[in-house]
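Start at 1 and go down the list; that is how both ligands and their atoms are numbered.
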Amino acid sequence: MPTLHWVGKNKVVNHHHEVPFRLLDKQYSFTANKGTPANSTNNKIIHGDNLEALKSLLPEFEGKVNCIYIDPPYNTGNEGWVYNDNVNDPKIKKWLGQVVGKEGEDLSRHDKWLCMMYPRLKLLHRLLADEGSMWISIDDAAVTLLRPVMDEIFGAGKLIASNVWQKRYSRENREAIGDVHEYILVYSKTPAAFKLSRNKIPIDEKQAKVYRNPNNDPKGRWRPIPMTAQAGHATADQFYEIISPSGKKFKPSEGRCWGISEATFKTLLSEGRIYFGKKGNSQPNIIRYLSEVEGVVPWTWWPHEEVGNTDEATKDLMAIFGGASGFDTTPKPVRLIERVLQICSQRNSLILDSFGGSGTTAHAVLKLNAQDGGNRRFILCEMMDYAETITAERIRRVIDGYGEGNKVVAGTGGGFDFFKVGEALFKEDKNLNEEVGAEAIRGYVAYTENIPTEKRWDTENAVSPYALGSTDTALCVFYYEKDRVTTLDIDFLGQLKIKNLPSRPEQFVIYADKCALDKDFLYKHGITFKRIPRDITRF
Ligand SMILES: C[S@@+](CC[C@H](N)C(=O)[O-])C[C@H]1O[C@@H](n2cnc3c(N)ncnc32)[C@H](O)[C@@H]1O
């Protein structure tokens with residue numbers, strides 16, 4: 001598989017491992033005013049750089065996010081984004097803090113953009129569930145850079161589709177050929193599993209127009225489906241004679257067969273699902289009711305009539321804020337993200353958008369939940385200070401309802417917790433930052449020892465207040481006290497209430513500041529000693 005190279009790539013391919021692990025610091029919770037349904041809680045808006053925010057999410061959400069949608073800066077030269085990743089390399093250090101502007105002014109713009117995107121995409125890939133999908137909005141220029149990078153991170157053959165969104169409806173006359181589209185790339189770690197779980201798109205009235213009810217059928221609108229097919233792979237029971245109610249006989253013409261066997265035809269006939277025309281003497285058709293139509297298979301052409309355009313997106317936001325919102329980047333229309341989520345989410349999916357902007361993704365999640373009673377959850381990250389004044393404010397308004405007079409939009413209900421990216425777990429000198437508290441440190445160590453979130457123990461467990469939980473093979477113990485040095489010795493082992501476990505673990509992983517037991521003893525009893533903080537894994 002061809003791969004893309006750019007200046008600085010070798011410095012950032014492992015940068016996500018070097019990003020300090022920080023804790024999410026909860027600022028407040030918001031829930032719907034009384035009277036609105038609250039089926040959409042447990043959501044997060046995180047204020048901070050998504051590189052750090054995504055890393056903070058790993059212990060709880062690695063491999064658990066069902067749908068990722070991102071709309072990063074496209075690197076047009078007009079966004080004026082700042083490259084600020086703290087990559088420890090002299091060449092990259094020169095870029096830090098610089099506004100990434102017009103190509104003519106700064107030829108390294110594309111390298112910086114790729115350096116910015118790569119570690120974030122790596123973390124997003126880790127957060128994505130195996131059968132989940134990742135959707136990325138991108139323009140015509142950056143798609144040529146993004147696709148090889150995504151292919152490299154996901155592996156060959158993981159692109160599901162490159163959807164074309166018609167972003168505007170009026171003609172664009174400034175360029176030689178007017179630019180009216182963007183892409184939405186879709187990737188999955190397991191495209192076959194994605195195909196099985198993805199939803200069809202509900203049909204709209206335009207598509208439903210062919211369903212009529214000329215005979216006042218009590219089961220509602222229906223359409224006739226022709227009954228013949230090409231005879232290429234037909235079996236013997238697809239050639240038979242059909243007699244219509246008027247007595248007219250029908251057989252498939254030369255090279256054709258009936259699309260269904262005679263037995264199926266008879267069943268459908270007895271259920272009144274074969275139509276022979278108004279006078280009962282036309283070629284038979286199968287009746288397909290509108291109420292039974294599951295939807296249509298999504299395709300890569302997304303016209304603005306179906307999913308909105310950039311004008312509509314601006315109007316969406318103005319309606320919510322009752323005028324200008326102050327969001328100076330182009331938002332996406334809610335209908336566009338609704339379409340993404342209609343295809344890829346189930347009612348209880350977890351949805352992540354790490355370039356949150358004005359919060360369109362959260363809006364679409366809440367709207368879909370309100371429509372179908374689902375419990376989809378969202379996590380949004382936004383680094384600018386408007387994370388509170390625009391992103392969170394929009395979501396509060398969507399939850400509680402907005403608009404006046406005949407433009408009132410009912411609240412969706414729900415709630416969210418607002419976080420900022422907080423303190424790092426390790427200090428610059430590599431020691432533990434004890435200010436973050438023992439609970440946070442325990443959670444981190446349990447994650448690095450591969451104890452699944454649901455199997456982690458709290459300090460009240462039956463074995464020891466220091467036990468973290470069990471993996472398939474080992475009991476993990478984190479013997480840590482903020483104010484004293486801990487020593488793994490016979491006394492400490494004697495305090496572990498191993499007999500309270502259903503069976504004796506094969507192995508023990510025990511962290512402490514010091515170890516007073518000799519190697520032979522540790523080996524004989526299957527104990528691995530890990531020194532705090534030296535042996536705590538940095539991921
Ligand atoms: C194109 S906008 C997204 C618009 C969004 N889809 C909407 O409909 O409102 C990109 C957003 O990503 C944010 N952003 C850029 N780099 C970021 C980073 N490193 N961490 C978090 N947010 C970032 C920008 O501040 C901007 O709000």
Using a 4.0 Å cut-off to any heavy atom of Thr329, which atoms of ligand 1 qualify? 1 (C), 2 (S)

Using a 4.0 Å heavy-atom threshold (strictly under), name the region of Ser137 that reaches ligand 1: side chain, backbone, both or neither. neither

Suppose I only count heavy atoms of Tyr386 and a 4.0 Å limit; which atoms of ligand 1 are within that range? 24 (C), 25 (O), 26 (C), 27 (O)

For the ring pair Phe418 and Phe30, is the centre-to-centre distance below 6.0 Å? no

According to the interplanar angle, ranging from 0 to 90°, do the rings of Tyr83 and Trp95 count as parallel (below 30°), tilted (30 to 60°) or perpendicular (above 60°)? perpendicular

Here the atoms of ligand 1 under 4.0 Å from any heavy atom belonging to Gly48 are 20 (N), 21 (C)

Residue part near ligand 1, for Trp81, under 4.0 Å between non-hydrogen atoms: neither

Modelled atom types, side-chain donor and acceptor of Arg376 and Ser345, under 3.5 Å: yes

Heavy-atom proximity to atom 13 (C) of ligand 1, best of Met383, Met384, Glu382: Glu382

Are Thr41 and Arg377 linked by a side-chain donor-acceptor pair shorter than 3.5 Å? no

Considering the heavy atoms of Ser358, write down every atom of ligand 1 situated less than 4.0 Å from one of them. 7 (C), 8 (O), 9 (O)

Protein contact to atom 7 (C) of ligand 1 [nearest heavy atom, distance to 0.1 Å]: Thr360 OG1, 3.3 Å

Could you see which bit of Tyr74 sits under 4.0 Å from ligand 1, with heavy atoms only: side chain, backbone, both or neither? neither

Identify the closest protein heavy atom to atom 14 (N) of ligand 1: which residue and atom is it, and at what distance? Phe355 CD2, 3.6 Å

Answer with side chain, backbone, both or neither: which part of Arg120 has a heavy atom less than 4.0 angstrom from an atom of ligand 1? side chain

Region of Asn50 that comes within reach of ligand 1 [heavy atoms, distance under 4.0 Å]: both

Do Tyr447 and Phe539 make the cut of ring centroids closer than 6.0 angstrom? yes

Answer yes if the ring centres of Phe21 and Tyr444 are under 6.0 angstrom apart, and no otherwise. yes

What's the shortest distance from atom 6 (N) of ligand 1 to any protein heavy atom, and which residue and atom give it? Asp71 OD2, 2.8 Å

CD-CG distance between Glu182 and Asp139, expressed to the nearest 0.5 angstrom: 6.5 Å

Out of curiosity, is Leu51 lining ligand 1, as in a heavy atom under 4.0 Å away? no

Show the atoms of ligand 1 that are less than 4.0 angstrom away from any heavy atom in Ser354. 21 (C), 22 (N)

Applying side-chain hydrogen bond (donor to acceptor under 3.5 Å, both in side chains) between Asp85 and each of Lys11, His15, Arg120, His16, report the one that passes. Arg120

Can you confirm whether the side chains of Tyr169 and Glu305 place a donor and an acceptor under 3.5 Å from each other? no

Using a plain distance cutoff, I'd like to know if Asp49 has any nitrogen or oxygen under 3.5 Å from a nitrogen or oxygen of ligand 1. yes

